[in-house]
Structures are given as C-alpha cells and as structure tokens.
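Written out below as structure tokens is the structure these notes cover.
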Amino acid sequence: MSSYDAIVCGGSFGGLAAASQMQGRVLLIDRLPIGDGETSASALPLACLENMDLLDCVEQVHEEIVVHTKRHSQRMGFFPFCTFDYRRFCEDLFQRTGAEFLRARVTGAGDGRVQTTEGDFEAPVIVDAVGWRTAAEKGRASRRARAPRRSFGVESRQPFSGDGLHFYVGRGNGNRRFYWIFPAGDHVRAGLATYTGESALSEDLARFLGRYKIGEPGHTHGGFFTSRLVDPVRRRMFCVGDAAGQCLPVSGEGIRPALVFGQVAGRLADRVRMGEMELPAALAYYRGAVRSHARGYRILDRLQTVLNVLPDQLFEGFARLVGSERGLPIASRKYWNVAPPDLLSAGPEPDLLPPVPGGEALDGWTASGSRDASAWASPETSST
Ligand SMILES: Cc1cc2nc3c(=O)[nH]c(=O)nc-3n(C[C@H](O)[C@H](O)[C@H](O)COP(=O)(O)OP(=O)(O)OC[C@H]3O[C@@H](n4cnc5c(N)ncnc54)[C@H](O)[C@@H]3O)c2cc1C
C-alpha cells in the first residue's frame, strides 16, 4: 500500500483549498480530471479570489444582488461578488499545490486509509472533500455521515449579458423556488433551486428561460448541496465543504465556506506533518474553528425554514428590510462573518487560523479542549 504525508479526497473547492496549504507528499484524488465536473453557478465574493490571488479567473464583477419578487425588485449592495471560470480556477489552484493527482473513485476513507478504484492508500492525515455524499464507506455509514438538509439546483448557460446577480422568487409544489440569472462575461448562468431537495426541475427551468426569453435549457448541470453543519471531524478525517454541510443556508453559497474551512483544515494538517501538532489536537482545533461559526449557520438555517413557506408579500417585506439603509450594513457584516474571506490566502499561511473559544492560542490547544460531537446536527434526520 502506498503511503503519503496526507491524502485529500475530492479535487474541487474544499479539496484544492486544503491542498493549497499543505506541503510534503500530498495525494489528491478525484473521480474526474481537475476542472471537470462543474456543478455550481460559480459566483462568490470577489474578496475570496483577491485574497487567494486568483483574479485571472474572474469573468465579471457584480456590485449588486437584485431580488425580484412579484411586485418589487430590491437592490442590495452587500459587498462585491464575481462570477468566475471554474476550470481556470481549479487548474490555477492545483498548479500551486505540488500535490500528486490520482484519477480514481474513492470508495471509503477514514482512520488513516483511503480505498479507491485504483487501489488503497494510507496517510496520517486525510481530508474528506468529496461533496455531499462524503467519503465514508457506502451504505448505512455513508448515509449516517451526510448532512441532513439538502437543497437541489440545476442551471444552464445562455448567450446573454447583463449586470448584477439576479434572483427571482417563486413557488412550486407549495415550496419556495429561487431562480437566478448570473451574468458571466459573454454568457449568463440561469438556473433554479429548491430548499427541499426536490429534483425534477427541468420543465420549470425551461419555463423560466422562456418567460425571460433567454433561450432553451440545452445542456444543464447541477445537483444537491448541503445546508446544515454536521461534525466536521469523522474517523480521524478533516471534513470540509459540502462533506460537512458547510454550504450556507438561505443563499446556497457553498464555495466560500468550502474554501475558508478547506484552507483552515489544510493549515492544521500541515502542522501535523511538521510535527508541530498531534493529529487529535489538530482535529479538535478544526472542530472548534468550525463550531465558532455555528451560530451564524443556525440563524441562517432557521431563516431558510421560514423563507421556504413565507407568503410572497411577507417575503417582499423581508427583502426590503434586508436591503434597507439600516438593514444592509448589519446583514452584510453578519453574512460575511459566517465564513470570513479574511481567512483565505494565496499560498501556505500556517498562522492564519481563527481563534477558537476556550483555546484562543494555538499553542496549548489539546484534544481534550475540544467539545464533543453531540452538539452537531444528527445526519439524515430531516429534510427542510
Ligand atoms: C446548481 C447549483 C448552483 C450553485 N451555485 C453556487 C454559486 O454560485 N456559488 C456558491 O458559492 N455555491 C453554489 N452552489 C453550491 C456549491 O456548488 C457547493 O456548495 C460547493 O461546490 C461545495 O464544494 P465542495 O468542494 O465541498 O464539493 P464539490 O464542489 O461537490 O466537489 C466535490 C469533488 O469531489 C469529487 N468526488 C465526488 N465523489 C467522489 C468520489 N467518490 N471519489 C473521488 N472524487 C469524488 C467530485 O468530482 C468533485 O470534484 C451551487 C450548487 C448547485 C447545485
């Protein structure tokens, strides 16, 4: 069995972010070539790409988010967002990592071992970043490990142009549906998502594109994304991104948290490689770091539940409040802090770690200082 200093399962946002902070012999495994398999609309706060020095992949900068309800369009200048080229992002970030790439399907991972369709591998440190399915063994163990709350989205690209990230609030089967049009230079990404995981959305997407005379769906991509934190430490692995339910509820913004928590996990993993930290202490610190953001997630999670069923008129009132002169600065600050882009760096930055309550200084942080896992959402228990 081949051995490495660390193995990262999943070569998208969370996995590449973690690998970008790790040195030594790192194996990065993905079932697809790096940059293939885009599932998202690839929009995120511009500050993320600024801090990671990845501005070359930006397609368009957006100063405003516009929320369209039946009778009103609310403009919100949170902080600048951008749409970016997924392939370019992944390839550029991968080039910086120095990791060895293996194209294989991970069939199980944990406790220092990774099983794949191309053989088994071992490493003291493993990062699970394979998305909502997680790298846990198949069957019941895998289902138990998954975040309980999953949204579903689908989108297509259309030759159109515009400015701003536009959301259209609608309804289907008694639940909220969010449609979007995100301009990205020479095209727009247009799609829709449900909070309930309902996935038969193709006809609705076609209707939406027809209504705004944007085009035919053609090729679509998408899938599930998680939106409730689960314990980010499983079987002695750092779990990042959708594998730990880190996608933000309400907005479905999952790239930023996958990058932020991915880099935090990568920095701690590298401390283990350097012998500066024991693995249990590093895992405990990571758990504490994610947990220190759990309150923001909880608030968004409750809000998502309410927004899913809120009558249209009240939704409009909510949008006006968030976009108001008084509401916007507060909402912006809080929303930023749930997964702050300030924690992102261009290269390895071992000391850039969030303070953890009860273990503010990294030195002296021990495994025994960790909180237990019982406070996390129990996986696979509820849907909305
Ligand atoms: C339609 C849609 C639009 C979205 N738009 C946005 C958006 O604009 N902005 C935003 O912030 N978020 C968006 N999201 C959410 C966002 O895509 C996810 O939260 C984010 O991709 C999570 O990143 P990740 O690295 O954790 O997982 P993923 O991006 O899912 O990456 C997982 C990686 O692991 C690989 N993999 C999976 N299983 C295995 C296996 N068994 N073996 C080996 N490799 C494996 C995959 O090939 C992939 O490369 C959207 C989601 C959808 C569905």
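Order of appearance sets the numbers: ligands from 1, and atoms from 1 within every ligand.
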Applying ring pair (Phe, Tyr, Trp, His ring centres under 6.0 Å) to Phe160 and not counting sequence neighbours gives none

Taking only non-hydrogen atoms of Gly153 and a 4.0 Å limit, the atoms of ligand 1 in range are 1 (C), 53 (C)

Logged contact type for Ala104 with ligand 1, heavy-atom cut-off 4.0 Å, is backbone

Within the 4.0 Å heavy-atom cut-off, what Ala135 brings close to ligand 1 is neither

Checking heavy atoms under 4.0 Å, the part of Cys247 that sits near ligand 1 is side chain

Per-atom filter on ligand 1: closer than 4.0 angstrom to a heavy atom of Val154 are 1 (C)

* May I ask you to check if ligand 1 and His221 share an N or O to N or O distance below 3.5 Å? => no

Nearest heavy atom to atom 32 (C) of ligand 1, choosing from Asp242, Val240, Val130, belongs to Val130

ask   = Does at least one non-hydrogen atom of Leu44 fall below 4.0 angstrom from an atom of ligand 1?
value = no

Ala41 heavy atoms within 4.0 Å reach ligand 1 at atoms 3 (C), 4 (C), 5 (N), 6 (C), 8 (O)

- Any non-hydrogen atom of Arg105 lying under 4.0 Å from ligand 1? yes

Shortest non-hydrogen pair, Phe81 vs Pro45, comes out as CD2-N, 3.6 Å

Of Pro45, Ser42, Cys90, Ser40, the residue with the heavy atom nearest atom 16 (C) of ligand 1 is Ser40

Close approach, Gly191 and ligand 1, non-hydrogen under 4.0 angstrom = no

Out of Ala258, Gly223, Gly252, the nearest non-hydrogen contact to atom 15 (C) of ligand 1 is supplied by Gly252

Ligand 1 atoms nearer than 4.0 angstrom to some heavy atom of Thr39 are 1 (C), 2 (C), 3 (C), 17 (O), 52 (C), 53 (C)

Notebook entry, point to check: Among side-chain atoms of Arg25 and Ser3, is any donor-acceptor pair under 3.5 angstrom?
Noted result: no

- Query: Quick one: do Val66 and Tyr212 end up in the same hydrophobic cluster if we chain Ile, Leu, Val, Met, Phe, Trp and Tyr together by side-chain heavy atoms under 4.5 Å apart?
  - Reply: no

From the list Arg189, His187, His62, side-chain hydrogen bond (donor to acceptor under 3.5 Å, both in side chains) with Thr83 holds only for His62

**Request:** Give me the ring orientation class for Phe182 and Phe167: parallel if the planes are under 30° apart, tilted from 30 to 60°, perpendicular past 60°.
**Result:** perpendicular

The atoms of ligand 1 lying under 4.0 Å from a heavy atom of Ala43, numbered in the order shown, are 7 (C), 8 (O), 9 (N), 10 (C), 11 (O)

So for Phe225 against ligand 1, with non-hydrogen atoms under 4.0 Å, the contacting part is side chain

query = Looking only at N/O atoms, are Gly14 and ligand 1 under 3.5 Å apart anywhere?
reply = yes

Tyr168 ring center within less than 6.0 Å of Phe208 ring center
yes

Any donor-acceptor pair under 3.5 Å from Gln21 side chain to Glu349 backbone: yes

Honestly, for Thr116 the part within reach of ligand 1 (heavy atoms, under 4.0 Å) is neither

So the atoms of ligand 1 within less than 4.0 Å of a heavy atom of Gly241 turn out to be 26 (O)

_For a quick check under 3.5 Å, do Tyr86 and Thr39 share a side-chain donor-acceptor pair by atom type?_
no

Under 4.0 Å from one or more heavy atoms of Gly10, ligand 1 contributes atoms 34 (O)

Sorted by chain and residue number, the ring pair (Phe, Tyr, Trp, His ring centres under 6.0 Å) partners of Phe84 (sequence neighbours excluded) come out as Phe89

- Above 12 or not: heavy atoms from other molecules or residues under 6.0 Å from CZ of Arg171? yes

Check: Can an N or O of Arg256 be found at a distance shorter than 3.5 Å from an N or O of ligand 1?
Finding: no

_Just by distance, no angles: are the side chains of Arg320 and Gln74 close enough, under 3.5 Å, to form a donor-acceptor pair?_
no

task: Give me the ring orientation class for His221 and His219: parallel if the planes are under 30° apart, tilted from 30 to 60°, perpendicular past 60°.
output: perpendicular

If we number the atoms of ligand 1 from 1 as shown, the ones under 4.0 Å from a heavy atom of Ala129 are 32 (C), 33 (C), 34 (O)

